[in-house]
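Source: prediction; values computed, not measured. Within every chain, numbering begins at 1; the chains are lettered A, B, ... in the order of the sequence lines, protein sequences first and strands thereafter.
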Amino acid sequence: MSDVTPRLRFAPSPTGYLHVGGARTALFNWLYAKKFGGQFLLRIEDTDKARSTDESTRAIFDGLNWLGLRWDETVVYQGANVERNRADALRMLENGTAYRCFCTQAELAERRAAAEAAKDSFKYDRRCDRLSAEEVQSRVDAGVPFTVRFRVPEGTTSWDDLVHETISFPNKDIEDFIVLRTDGTPIYNMAVVSDDIEMRITLVMRGDDHISNTPKQILLYRALGAPLPQFAHLPMIHGLDGKKLSKRHGATAVSDYQHLGILPGAMLNFLALLGWSPGHDIEVMSMERMVELFDTKGLQKKAAIFDPKKLEWMNGQHLSLMSASDLAPLVTPALVSAGLATTEDLYSRRDWYLTLLELLKVRSRTTDDIVRQAAPYLVDEIRYDPEAEAKQWKDRPATAALLREVGTALRDLREWEPAAMEESLRALGERLGFGDKAGKIFQPLRVALTGLSVSPGIFDVLVMLGRDRSTARIDAAVARLESGGPPGA
RNA sequence: GGCGGUAUCGUCUAGGGGACUAGGACACGGCCCUCUCAAGGCUGGAACACGGGUUCGAAUCCCGUUACCGCUACCA
């Protein structure tokens, strides 16, 4: 391990949104940088003008910010570096590690097709490298367009990958690849190496779909006389069907999960476990803990399959662990946009609100789940779930009579607190001959209070609603039951 | 086709020659808890791709086969 501070970068191309695979690559780069006190840089690879959009660039920023993966230094836009990229390519022309190629795209395509037809694998035959200096000069003078090709040397190119150990490629299998187009713009591998040198990147950590680019890039570093960074190639993420993750698999953008009510910390935790393991059966971790435990030794070589079920479970874990006050800022906007409350209202009775969150978060897997359960506590008019009504209020006259008694009992309570409620309602159950089946009271009451057959403990619900609202709901339920109308009428 | 990579329960993984009767987690089933739903606890089924080596001994090391993935552009 060198003693220079590590510099890593995440280099996405802005051609869509920030997808989960990219987010995970960013995360590992970030974790490594944090762990070893280095820098995590962001470079937008926008050299493909046709596909790059500002909107996608924004999406990348938004995604990384939401996840809390802050980058150091200013963002580098690859498109702004073409001059230097070209200068580097030209430098290779001068030092003899590259040469001019006058073959046209059409000629190349033709030869490639011919080779394919003959079932041969096509590889550039270096014919332009055999041109005499005079010939080259005369063509240049005549203004014949040319590309710059890298002259791949003899031998073998290998490196010690941080996740794969040693990987090596016989150079004979690498063709003399183009580094500069006829219009003078750099090809991907040229731009990447030129930029990574400029940015003084010490560890290139990226998807393993770049493994075959690596020997070419290493050759370029050497031709430019630059020190080699370390490389780490991360496995891909696949969908449930084992194929590369794509739109067909549903949500693949980080923002999709943001809108589904997934917590950034849970997303990160889940993504980290897809391709990395801290060992010791540790699963649920905070960002701090991940930084502490991160180690390239735990990196996986095998592609992982993205399982949304486990993500949800992970989110539930993080939800339970998070304090209500940390959760509030994340849930409040959703509550407001669902029209259930106003920010002012929630702020004015903050303790009550936090208690509500405490009650709901344990039975939620996403923040959206919390919102879905919150309505009965926040709005005046509840909606009666037809199924709950049908099941728990089967005998409507009898239920009306029961709820009347419950209402009376609750109104008579001296203190509006759980122990008193329980004592009173269980006593009522005894009197009515329910024995220890107090659920015969609790369930109909739950429907009366919330309209639902599912909720936090009944005494918690009563406390949250308060005496006035609770008794009012019971009265409303009695009226509804006695109106004789069918459920939902 | 060529080159490269990968291979442990359905899924994420632990494992780095003997501690393996292969551990944990998700999902699934059962039980407990219980006013419902969660959460939690206990519990069940479920895997070393195949074939050869090396070794006293292999999930672990080597070779081959198979399968899957990636690259194979004047794309990134």
Chemist: Using Watson-Crick or G-U wobble geometry with both distances below 3.5 Å, tell me the partner of B/G45, or none.
Modeler: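 Here B/G45 is not engaged in any pair, so there is no nucleotide opposite it.
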Chemist: On the nucleotide B/G10, are OP1 or OP2 found under 4.0 Å from the side-chain N or O atoms that A/Lys309 carries?
Modeler: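 So the side-chain polar atoms of A/Lys309 never come under 4.0 Å of the phosphate oxygens OP1 or OP2 of B/G10.
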Chemist: To the side chain of A/His210, which of B/C12, B/G1, B/A76 is closest?
Modeler: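 Selected nucleotide (nearest to the side chain): B/A76.
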Chemist: From B/A76, B/U36, B/G70, pick the nucleotide closest to the side chain of A/Ser455?
Modeler: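 Per side-chain heavy atoms of A/Ser455, the pick is B/U36.
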Chemist: Does the ring centre of A/Phe61 sit less than 6.0 Å away from the ring centre of A/Trp71?
Modeler: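 They qualify: ring centres under 6.0 Å apart.
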Chemist: For atom C1', what is the distance between B/A47 and B/G15, given to the nearest Å?
Modeler: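 Pairwise C1' distance, B/A47 against B/G15, rounds to 13 Å.
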Chemist: Classify the angle between the aromatic ring planes of A/Phe459 and A/Phe442 as parallel (below 30°), tilted (30 to 60°) or perpendicular (above 60°).
Modeler: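 Aromatic pair A/Phe459/A/Phe442 classed perpendicular.
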Chemist: Between A/Arg365 and B/A39, does any side-chain N or O lie under 4.0 Å from OP1 or OP2?
Modeler: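 Yes, because at least one side-chain N or O of A/Arg365 sits under 4.0 Å from OP1 or OP2 of B/A39.
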Chemist: Which part of the nucleic acid, if any, lies within reach of A/Glu422 when heavy atoms closer than 4.0 Å are counted: base, sugar-phosphate only, or nothing?
Modeler: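 Since no nucleic acid heavy atom lies under 4.0 Å of A/Glu422, the category is nothing.
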Chemist: Is B/C3 paired to anything, Watson-Crick or G-U wobble with both distances less than 3.5 Å, and if yes, which nucleotide?
Modeler: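 Per the H-bond distance test, B/G70.
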Chemist: Tell me whether the OP1 or OP2 atom of B/C74 has a side-chain N or O from A/Arg112 closer than 4.0 Å.
Modeler: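 A/Arg112 to B/C74 OP1/OP2: side-chain N or O found under 4.0 Å.
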Chemist: Choosing from B/A38, B/C26, B/U6, which nucleotide comes nearest the side chain of A/Lys302?
Modeler: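 Between B/A38, B/C26, B/U6, the one nearest the side chain of A/Lys302 would be B/U6.
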Chemist: I want to know whether A/Phe306 and A/His19 have ring centres closer than 6.0 Å.
Modeler: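 So the answer is no for these two rings.
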Chemist: Please check if the distance between the ring centroids of A/Phe270 and A/Trp313 is under 6.0 Å.
Modeler: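 Here the rings of A/Trp313 and A/Phe270 have centres that are no less than 6.0 Å from each other.
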Chemist: NA contact type, A/His164, heavy-atom cut-off 4.0 Å: base, sugar-phosphate, or nothing?
Modeler: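 Sugar-phosphate only.
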Chemist: So that I know where these two stand, are A/Phe10 and A/Phe28 an aromatic pair - ring centroids less than 6.0 Å apart?
Modeler: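 Centroid separation for A/Phe10 and A/Phe28: 6.0 Å or greater.
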Chemist: Taking N and O atoms by type only, does the side chain of A/Lys310 place a donor or acceptor under 3.5 Å from a partner on the base of B/A25?
Modeler: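 Between B/A25 and A/Lys310, which were checked side chain against base, a qualifying N/O pair under 3.5 Å is present.
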Chemist: What distance, rounded to whole Å, do you find between the two P atoms, one in B/A19 and one in B/A59?
Modeler: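 After rounding to an integer number of Å, I get 9 Å for this pair.
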Chemist: Under 4.0 Å from OP1 or OP2 of B/C35: is there any side-chain N or O of A/Arg426 that close?
Modeler: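 Indeed, a polar side-chain atom of A/Arg426 lies that close.
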Chemist: B/G40, B/C12, B/C26: which one has an atom nearest the side-chain heavy atoms of A/Gln317?
Modeler: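 Shortest atom-to-atom distance from the side chain points to B/G40.
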Chemist: In terms of relative ring orientation, are A/Trp276 and A/Phe294 parallel, tilted or perpendicular, with 30° and 60° separating the classes?
Modeler: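 Aromatic pair A/Trp276/A/Phe294 classed tilted.
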Chemist: How far does the C1' atom of B/U11 sit from the matching atom of B/C37, given to the nearest Å?
Modeler: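 My reading of the C1' atoms in B/U11 and B/C37 gives 26 Å.
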Chemist: Side chain of A/Ser212 only, please: which of B/G70, B/G2, B/A76 is the nearest?
Modeler: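 Among the listed nucleotides, the one closest to the side chain of A/Ser212 is B/G70.
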Chemist: Could you tell me whether A/Asn189 contacts a base, only the sugar-phosphate backbone, or nothing, with contacts defined as non-hydrogen atoms closer than 4.0 Å?
Modeler: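 No contact at all - A/Asn189 keeps every heavy atom at 4.0 Å or more from the nucleic acid.
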Chemist: To the side chain of A/Lys301, which of B/A76, B/U6, B/C12 is closest?
Modeler: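 In terms of side-chain proximity for A/Lys301, the closest of B/A76, B/U6, B/C12 is B/U6.
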Chemist: Under a 3.5 Å cut-off for both distances, is B/G51 Watson-Crick or wobble paired, and to whom?
Modeler: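 Matched B/G51 with B/C63 under the 3.5 Å cut-off.
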Chemist: Could you tell me which nucleotide pairs with B/C35 by Watson-Crick or G-U wobble geometry, both distances under 3.5 Å, or answer none if nothing does?
Modeler: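 No nucleotide pairs with B/C35.
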Chemist: Using the C1' atom on both, measure B/C26 against B/A14 and round to a whole Å.
Modeler: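 Nearest-Å result for B/C26 against B/A14 at atom C1': 15 Å.
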Chemist: Using Watson-Crick or G-U wobble geometry with both distances under 3.5 Å, which nucleotide pairs with B/G18?
Modeler: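 Partner of B/G18: B/C56.
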Chemist: Please report the distance separating the C1' of B/U8 from the corresponding atom of B/A22, rounded so that it comes out in whole Å.
Modeler: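 Nearest-Å result for B/U8 against B/A22 at atom C1': 8 Å.
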Chemist: Please check the phosphate of B/C37 (OP1 and OP2 only) for any side-chain N or O of A/Gln443 closer than 4.0 Å.
Modeler: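 It does not, given that no N or O in the side chain of A/Gln443 lies less than 4.0 Å from OP1 or OP2 of B/C37.
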